[in-house]
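These figures come from a predicted structure and were not determined experimentally.
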Amino acid sequence: PYIPGMVEEMKEKGFAYVDQGALVVDVKEENDTKEIPPCMLLKSDGASLYTTTDLATIVERMKLFNPDEILYVVDKRQELHFIQVFRCARKTGLVKDDTKLSFLGFGTMNGKDGKPFKTREGGVMRLETLIKDINEEMFTKIVENRSVKDKDAKETAEIVGLSAIKYGDLSNQATKDYIFDIDRFTSFEGNTGPYILYTIVRIKSILHKYHDLGKSAEGAVITSAHSESEKNLMLEISKFNAVIDGAFADTAPHKICSYIYDLANAFNSFYHETKIMSEEDETQKASFIQLLKLTKKVLETCIDLLGFSAPDRM
């Protein structure tokens, strides 16, 4: 509904003109190193294009939300299209001078053969099919582990399956193509979503055991590190603020994935080298517990930002 009024206004202000039957707006600039074609608003038969609807959507967003920034996460091959759209929106005053228009181009998700991901039958992979395949794979692994009661296995598989898909996708730098390998992405080892969740579940299990003994570490402080692995864990935790700031500034979720993989590795090294529950010094044990709580809080905050959560058992 915003298209007719927008087009009329662009004509009235002298921005839009007819060229070879089509209605266009010039968007090239003096310092362009490559040719930027005019932005086409209407075809010669009066039909609108993606350009028209994208511009009208900007009109709608400015009217309804008046945002500071509009971020487009679209196939990187659409970059020229968005250069035209953004320039046209600025030139014609659809956005305010300080409204940021950003394009984050993403690469292709490919199968093991390096070609765009397809179904077993060779058709385009639908998201619902991908989710179903991942959930089935996770369910099989969880049942084999016998770590979760049968009635809970399906729900746990869905939680872990979602982590496998989201982490597998977001751990890759957005602009790069990548191989979507179900076997690798659903693995409980390596740089995967299930590995991150397995680490959180491990921490939850230790905390449950501690509380089941009727103990509480409330008010306890984290003492200075007693081992190299404990020190490394503390140092990884301390990077949290800088990592989140950097990921936000660069619109780069893969930086959060990289960070929590390092953090999970640091925790697991500490866990394997430290007798947490059998520590006889209660002050020291309470310090370990507080360090575990902090590790869990950072990991859970990060996976929440990435769009998934951890089960209680795996």
Side-chain angles (χ1 to χ4, degrees), residues 1-109 116 124-128 166 169-170 172-177 244-256 305-307:
Y2 293 92
I3 290 173
M6 177 190 76
V7 171
E8 276 310 306
E9 191 173 325
M10 287 185 186
K11 280 192 207 167
E12 286 169 13
K13 289 183 176 177
F15 294 118
Y17 65 95
V18 176
D19 181 21
Q20 296 177 33
L23 190 69
V24 302
V25 175
D26 279 331
V27 291
K28 64 173 185 279
E29 295 175 359
E30 285 181 14
N31 56 354
D32 285 339
T33 53
K34 60 181 180 182
E35 184 67 27
I36 305 293
C39 184
M40 193 185 297
L41 293 178
L42 299 175
K43 292 197 283 190
S44 54
D45 61 358
S48 58
L49 305 95
Y50 280 129
T51 314
T52 331
T53 50
D54 280 339
L55 286 165
T57 306
I58 290 175
V59 172
E60 182 182 47
R61 285 176 178 149
M62 292 306 294
K63 183 179 178 183
L64 299 181
F65 310 113
N66 192 26
D68 297 306
E69 178 178 9
I70 307 176
L71 174 66
Y72 293 80
V73 186
V74 189
D75 189 316
K76 63 185 178 185
R77 289 169 294 187
Q78 298 295 322
E79 186 172 13
L80 176 59
H81 167 78
F82 282 101
I83 288 173
Q84 292 173 302
V85 168
F86 293 170
R87 285 188 182 183
C88 185
R90 288 224 179 280
K91 183 175 181 178
T92 60
L94 299 189
V95 294
K96 295 184 298 187
D97 290 342
D98 58 354
T99 305
K100 196 175 172 190
L101 297 171
S102 308
F103 171 70
L104 179 62
F106 60 75
T108 335
M109 185 171 88
V124 175
M125 173 67 78
R126 292 178 65 88
L127 181 60
E128 60 186 331
K166 289 196 172 183
D169 189 51
L170 296 172
N172 182 71
Q173 189 173 336
T175 52
K176 293 182 177 175
D177 299 349
I244 300 302
D245 280 348
F248 176 74
D250 299 337
T251 321
H254 72 278
K255 291 186 176 181
I256 299 175
L305 287 171
L306 296 170

Is it the case that over 12 heavy atoms from other parts of the model lie below 6.0 angstrom from the [atom1] atom of [X]?
X	atom1	value
Asn31	CG	yes
Glu9	CD	no
Met40	CE	no

Hey, could you give me the [atom1]/[atom2] distance between [X] and [Y], rounded to the nearest 0.5 Å?
X	Y	atom1	atom2	result
Leu101	Ile83	CG	CD1	12.5 Å
Asp245	Lys255	CG	NZ	11.0 Å
Tyr72	Glu79	OH	CD	15.0 Å
Tyr17	Leu41	OH	CG	10.5 Å
Leu42	Lys11	CG	NZ	7.0 Å

Test your reading of the model: is there a side-chain donor-acceptor pair from [X] to the backbone of [Y], 3.5 Å cut-off?
X	Y	answer
Lys76	Thr175	yes
Lys91	Asp26	yes
Gln173	His254	no
Asp32	Glu29	yes

Are the side chains of [Y] and [X] in contact, using a 4.5 Å heavy-atom criterion?
X	Y	value
Met6	Leu94	yes
Ser102	Glu69	yes
Ser44	Gln20	no
Asn172	Met109	no
Thr92	Leu55	no
Ile70	Thr57	no

Exercise for the section: Output all residues satisfying ring-ring contact (aromatic ring centres under 6.0 Å, His included) with Phe248, sequence neighbours left out; order by chain, then residue number. Expected result: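 ring-ring contact (aromatic ring centres under 6.0 Å, His included) check on Phe248 returns nothing, list empty.
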Exercise for the section: For Val27 and Pro37, work out which heavy atoms get closest and say how close. Expected result: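 Distance-wise, the nearest heavy atoms are CG2-O, 3.4 Å.
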Exercise for the section: State whether Arg77 and Asp75 are salt-bridged, where the test is any N-O pair (Lys NZ or Arg NE/NH1/NH2 against Asp/Glu carboxylate O) under 4.0 Å. Expected result: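 Result for this pair is yes, salt bridge flagged.
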Practice task
Would you mind checking if Glu60 and Lys63 are paired as a salt bridge, meaning a charged N to carboxylate O distance below 4.0 Å?
Solution key: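 Between Glu60 and Lys63 there is no salt bridge, as every charged N stays at least 4.0 Å from the carboxylate O atoms.
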Practice task
Return the orientation label for the Phe82 and Phe103 ring planes: parallel under 30°, perpendicular over 60°, tilted otherwise.
Solution key: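 Phe82 and Phe103: parallel rings.
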